Participant: 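The following block contains the structure, expressed as structure tokens.
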Amino acid sequence: MSRRSLPLALGLVLGLAGTAGAQSLGAGISQNLTAASALPLDPSTLPAASVRNGQEIFSSFRDGLAEPTCDAEATSPRWQKQFAHAPSRLANQDDDALVLFGYVVEELRKANLPTEFALIPFVESGYRPNARNGSGPTGLWQFIATTARNHRVPMSNNYDGRLSAVESTQAAVRYLKTLHGMFGGDWRLATMAYNAGEYRVLQSMRKAGMNAQNAKPAGLPGLSPVTHAYVEKLHALACVLEDVEDQPGVMASLDRTVPVLKDHTLPAGTSVQQWAAQRALDPAKIARLNPALAAGNRPSGTARVLAPVSASSADVADITSTAAATAVASTASAAPSPQVAKVVASAADRPRNRRHTVRNGESAWTIARRYGMPVKALLSLNGLSGSSVLKPGAVLRVED
């Protein structure tokens, strides 16, 4: 992958960005919750976004697509076959793909970018932060060294920020946001520019007499077949993932709680393995998520670790485990602690046989959590299955 980025101002010089483009430029918590399922915890006692359900990640991805429906006629069977394994990667509990996919989807949604871009690491690295291509492209997003430096990824003899899922993802989001604005909000053109370099795509558009508003990506002349195939691959991947909704086994495997990831500061003199052990996290897994730091290398400035949100606060696990343990103990105690009393009161105050209207972005998991009930109970109550898609406006029965 070339990633030969020339100054992005070229897009403006050639007058191809347009008004629309210019405007656009501007981890043990789940176990504790399960243990305390007999007495649902008040969501206010837990971090708002420390864990999420895999189906919620999938739903967020689908909701953020620029093209939410697969165009079967424009989809290459070759690429669909090549990426047919993607759903099983997300469904595999021993694979990091789902939790990394969730992190990338969230970063793109925050930047108001199409989630088609979350498929780029599938194509580039198979969602493996340590992916290397000889002495060339490296990391989750497979940046070459020049492009990485151009987009503020720290690079030195002792540290390769391309191997940092944090550094590379934030650089990729910045770059894609600029490209998305430069090419009038067309994710296909932005993706082609990500692959071939924005200068080549701008030059091709100029040669064809096109601009960002009327360009037809498939008809751009002078670009490598690899660049055209790049867009086809992403669309094929999106189609493969759309078909997941018709695969009950995969959807059932996605119905599991995974941690939300964020970047943390690694104190000076502390290895990533030590940092993880101090927070009761699996050192091997945290090192696997952070290959840039795994060998003891660090940047000259602040080192950043990608790890569960809950790792930033030692009392997160304590609050949850304490509430869970106390909830169990309270069955034999006449005087529960104030925290458990709050949980009990909150559960008692909920009216039974309520109805809930599904809002945009909600999943069965988020709704079930809100009302303190198991996902399976919610689905069963409404005659739904794990593969059912909740549409905004639908009315569900919810009970304690």
Side-chain angles (χ1 to χ4, degrees), residues 1-25 61-62 64-83 86 108 111-124 137 141-144 147 172-173 175-243:
M1 181 168 183
S2 65
R3 306 282 189 286
R4 294 190 178 91
S5 302
L6 292 182
L8 294 172
L10 276 172
L12 300 177
V13 172
L14 293 176
L16 296 174
T19 303
Q23 291 173 342
S24 298
L25 278 171
F61 163 73
R62 290 299 311 278
L65 290 171
E67 297 181 20
T69 303
C70 172
D71 182 354
E73 295 183 359
T75 305
S76 166
R78 172 189 175 186
W79 301 128
Q80 281 192 297
K81 182 177 180 180
Q82 177 171 325
F83 296 111
L108 290 169
N112 295 314
L113 289 173
T115 49
E116 276 90 351
F117 294 146
L119 302 176
I120 290 177
F122 263 124
V123 172
E124 291 292 346
W141 296 86
Q142 290 289 282
F143 282 123
I144 61 170
T147 304
V173 170
Y175 186 24
L176 288 166
K177 190 173 183 66
T178 302
L179 294 175
H180 192 246
M182 175 179 289
F183 292 102
D186 189 315
W187 75 268
R188 293 173 182 263
L189 290 174
T191 297
M192 295 173 83
Y194 182 86
N195 176 258
E198 59 270 19
Y199 176 73
R200 289 181 180 175
V201 177
L202 290 168
Q203 191 176 48
S204 176
M205 291 167 62
R206 184 181 183 184
K207 185 183 297 185
M210 300 178 183
N211 59 41
Q213 280 67 48
N214 64 17
K216 297 180 180 179
L220 289 179
L223 295 176
S224 165
V226 173
T227 299
H228 287 288
Y230 199 77
V231 177
E232 294 174 7
K233 290 178 182 179
L234 294 187
H235 185 65
L237 250 173
C239 291
V240 167
L241 292 180
E242 179 177 320
D243 290 341

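Computed from a prediction, not measured in an experiment: that's the story for all the values here. Excluded from the calculations below are hydrogen atoms, water molecules and symmetry mates; all remaining heavy atoms, backbone and side chain alike, are included.
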Participant: Name every donor-acceptor pair, under 3.5 Å, that has one atom in a side chain of residues 232-240 and the other anywhere in the protein, sequence neighbours excluded.
Facilitator:
residue, atom, partner, partner atom, Å
Glu232, OE1, Trp79, NE1, 3.4
His235, NE2, Asp71, N, 3.3
His235, NE2, Asp71, O, 3.4
His235, NE2, Thr75, OG1, 3.4

Participant: Might you point out which heavy atoms bring Met182 and Leu202 nearest each other, and give the distance in Å?
Facilitator: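 What the structure gives for the nearest pair is SD-CD1, 4.0 Å.
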Participant: Report yes if the side chains of Pro217 and Val231 come closer than 4.5 Å at any heavy-atom pair, otherwise no.
Facilitator: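 Not in contact.
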Participant: Taking C-beta and beyond as the side chain, do Glu124 and Phe143 meet within less than 4.5 Å on heavy atoms?
Facilitator: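 Glu124 vs Phe143: side chains apart.
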Participant: Before you tell me yes or no, could you show the steps for Met192 and Phe183 under side-chain contact (heavy atoms from CB on, under 4.5 Å), namely the whole-Å CA-CA distance, both residues' side-chain angles and the distance that decides it to 0.1 Å?
Facilitator: CA-CA 10 Å; Met192 295 173 83; Phe183 292 102; over 6 Å; no
Participant: My understanding is that only residues two or more places apart in sequence, or in another chain, count here; which of them pass side chain to side chain contact (heavy atoms under 4.5 Å, CB included) with Ser204?
Facilitator: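 For Ser204 the side chain to side chain contact (heavy atoms under 4.5 Å, CB included) partners, ignoring immediate neighbours, are Leu220, Pro221, Leu223.
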Participant: Please, which pairs that meet salt bridge (charged side-chain N to carboxylate O under 4.0 Å, His left out) have at least one residue in residues 212-229, sequence neighbours excluded?
Facilitator: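 For residues 212-229: none.
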Participant: Sorted by first residue and then second, give each disulfide bond (SG atoms under 2.5 Å apart) pair with at least one member in residues 194-231; sequence neighbours left out.
Facilitator: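 Passing the test, one end in residues 194-231: no pairs.
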Participant: Which residues pass the side-chain hydrogen bond (donor to acceptor under 3.5 Å, both in side chains) test with Glu67, sequence neighbours left out?
Facilitator: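 Applying side-chain hydrogen bond (donor to acceptor under 3.5 Å, both in side chains) to Glu67 gives Trp187, Arg188.
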Participant: Does any pair with a residue in residues 186-215 pass disulfide bond (SG atoms under 2.5 Å apart), and if so which ones, sequence neighbours excluded?
Facilitator: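 Non-adjacent pairs meeting disulfide bond (SG atoms under 2.5 Å apart): zero.
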Participant: Hey, can you tell me if Tyr194 and Tyr175 have their rings parallel, tilted or perpendicular (30° and 60° cut-offs)?
Facilitator: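 Because their plane-to-plane angle lies in the 30° to 60° range, the rings of Tyr194 and Tyr175 count as tilted.
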Participant: Check side chain to side chain contact (heavy atoms under 4.5 Å, CB included) between Pro225 and all other residues, then give those that pass, not counting sequence neighbours.
Facilitator: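 Side chain to side chain contact (heavy atoms under 4.5 Å, CB included) check on Pro225 returns nothing, list empty.
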Participant: Name all residues meeting the side chain to side chain contact (heavy atoms under 4.5 Å, CB included) criterion together with Ala190; count only those two or more places apart in sequence or in a different chain, and write none if there are none.
Facilitator: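 Checked Ala190 against side chain to side chain contact (heavy atoms under 4.5 Å, CB included); matches are Phe117, Leu179.
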Participant: Would you name the heavy atoms of Ala212 and Met205 that are closest together and state the gap between them?
Facilitator: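 Closest approach of Ala212 to Met205: N-CE, 3.5 Å.
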Participant: Side chains of Asn112 and His180, heavy atoms from C-beta outward: is any pair under 4.5 Å?
Facilitator: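 Heavy-atom side-chain distance check fails, nothing below 4.5 Å.
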Participant: Which atoms form the tightest heavy-atom contact between Thr115 and Phe61, and what is the distance?
Facilitator: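 The answer is OG1-O, 2.6 Å.
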Participant: List the residues meeting side-chain hydrogen bond (donor to acceptor under 3.5 Å, both in side chains) with Thr227, not counting sequence neighbours, and say none if there are none.
Facilitator: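 Scan of Thr227 (side-chain hydrogen bond (donor to acceptor under 3.5 Å, both in side chains), adjacent residues dropped) gives Asn195.
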Participant: Which value, rounded to the nearest 0.5 Å, describes the distance between Thr191 atom OG1 and Leu119 atom CG?
Facilitator: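 Here the rounded value is 9.0 Å.
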